[in-house]
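In what follows, a structure is listed as C-alpha cells, so that the remarks can point back to it.
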Amino acid sequence: MITAQIAGADQALARLDGLPDALNSAVTRIIGNLGSELQQRVQDKLGGQSVQPRSGKLRSSIDLAIEETATAVDATVWTDLDYGRAQEFGFSGVVSVRASLRRIRAAFGRSIAEKTINVRAYRRRFDLPGRSFLGSALDDMTPDISAEIDAALREVLAP
C-alpha cells in the first residue's frame, strides 16, 4: 500500500479560503481609486481641455458613485445637467429662448443713448458639435485601468 501526504495542505486551504475576500478588497480599492482619478480627469477636461468653462457649473456637477455587489464593483462618473449631454454628444435642433431684457447702445449702425428693450420669447435652430469630456477621459484612462487591475490581481495572487 502506498500512502501520500501533502505537506502544508492546511496552509494552502487557508490561503484559498481567504482568496475571495482578498480579491474583493483589492478590486474595490483599485476601482475606487480609478473612479476618483476618472472624475478628476473629467473635471480637468471641463476646465478648458475639451469644453471652455463659463460658470464652472458643469465641472462642479461631475459626481462619482461606487456600487459594490456580491459579484461586481462599479464606479460611475456622471453629470445630471441637461446641457452636459449636449456638450458630450452634440445637439442639433430647435430650442426655445425665453423672453428677456436687453440694453442697446446703437441702432441702425448709429450710437444712441443706452436704452433697455424687451425681447420676446422665440425659437431658434441650434447646432452644437459634440465636445466629449466623459468618453474621452475614459478612453485616455483605458490603458491605466487595465494595468492597475492587472497589478492588483497579481499582488493578491502572488505566492
Side-chain angles (χ1 to χ4, degrees), residues 6 8-103 116 118-159:
I6 299 175
D10 293 336
Q11 292 90 352
L13 288 175
R15 177 159 161 65
L16 288 175
D17 283 342
L19 208 52
D21 291 336
L23 283 171
N24 190 26
S25 165
V27 168
T28 300
R29 179 179 46 82
I30 290 299
I31 294 298
N33 292 342
L34 289 169
S36 295
E37 186 178 340
L38 178 60
Q39 181 183 23
Q40 185 60 49
R41 285 195 186 193
V42 168
Q43 289 173 336
D44 290 345
K45 289 200 174 272
L46 291 171
Q49 290 179 11
S50 295
V51 178
Q52 292 299 320
R54 288 188 140 186
S55 68
K57 189 175 180 182
L58 181 57
R59 185 177 188 195
S60 65
S61 76
I62 302 300
D63 287 324
L64 167 67
I66 297 175
E67 185 177 328
E68 186 177 354
T69 65
T71 58
V73 179
D74 293 327
T76 306
V77 175
W78 82 95
T79 180
D80 56 359
L81 296 178
D82 291 337
Y83 65 88
R85 169 175 283 200
Q87 288 289 348
E88 176 74 17
F89 301 111
F91 174 78
S92 182
V94 177
V95 296
S96 296
V97 180
R98 65 180 183 218
S100 62
L101 295 175
R102 179 175 175 210
R103 282 188 239 151
T116 302
N118 289 322
V119 178
R120 294 184 318 203
Y122 61 97
R123 297 174 56 82
R124 68 175 277 215
R125 177 130 184 92
F126 193 71
D127 292 315
L128 178 70
R131 296 178 184 96
S132 180
F133 55 92
L134 289 168
S136 64
L138 185 59
D139 289 344
D140 293 348
M141 279 192 64
T142 299
D144 296 340
I145 292 169
S146 298
E148 288 196 35
I149 290 175
D150 189 45
L153 294 179
R154 286 182 194 276
E155 179 183 313
V156 170
L157 297 175

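The first residue in the sequence is number 1, and the count goes up from there. Computed from a predicted structure; not experimentally measured. Computed over heavy atoms, backbone and side chain alike; hydrogens, waters and symmetry mates excluded.
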Q) In this structure, which one of L58, L134, L46 forms a side-chain contact (heavy atoms from CB on, under 4.5 Å) with Q87? A) L58
Q: Could you grab the distance from atom NZ of K45 to atom CG of D140, nearest 0.5 Å is fine?
A: 4.5 Å
Q. How close do S96 and R123 get, heavy atom to heavy atom, and via which atoms?
A. OG-NH1, 3.0 Å
Anything under 3.5 Å between a donor and an acceptor, one on a side chain of residues 75-86, the other on a protein residue two or more places apart or in another chain? List them.
from	atom 1	to	atom 2	distance (Å)
T79	OG1	S61	OG	2.6
T79	OG1	L81	N	3.3

Q.
Within the 3.5 Å criterion, strictly below it, is a donor on R103 or T116 matched to an acceptor on the partner's side chain?
A. no
Q) Backbone N or O of F133 within a donor-acceptor pair of the E88 side chain at under 3.5 Å? A) yes
Q) Would you call V73 and I30 a side-chain contact if the rule is heavy atoms closer than 4.5 Å? A) no
Q | Derivation and outcome, side-chain contact (heavy atoms from CB on, under 4.5 Å), residues L34 and I149 | A | CA-CA 9 Å; L34 289 169; I149 290 175; 4.2 Å; yes
Q.
So L64 and L38, do their side chains get closer than 4.5 Å, heavy atoms only?
A. no
**Q.** Closest contact, heavy atoms only, L128 versus F126
**A.** CB-CE2, 3.8 Å
Q: Would you give the length of the straight line joining atom CG of N24 to atom CZ of R29, rounded to the nearest 0.5 angstrom?
A: 12.0 Å
Q. With sequence neighbours excluded, what pairs up with R125 under the side chain to side chain donor-acceptor pair (under 3.5 Å) test?
A. S92
Q. How far does CD1 of I66 sit from OG1 of T28, to the nearest 0.5 angstrom?
A. 9.0 Å
Q) Would you call Y122 and R120 a side-chain contact if the rule is heavy atoms closer than 4.5 Å? A) no
Q: Say whether Q40 and D44, considering side chains only, have a donor N or O and an acceptor N or O under 3.5 Å apart.
A: yes
**Q.** Spatial distance of atom CD1 (I31) from atom CD1 (I145) [nearest 0.5 Å]
**A.** 7.5 Å
Q. Rounded to the nearest 0.5 Å, how far does CE of M141 lie from CD of E37?
A. 4.0 Å
Q. Rounded to the nearest 0.5 Å, how far does CD of Q39 lie from CG of D63?
A. 7.0 Å
Q. Is D74 close to T69 at the side-chain level, that is, under 4.5 Å between some pair of heavy atoms?
A. no
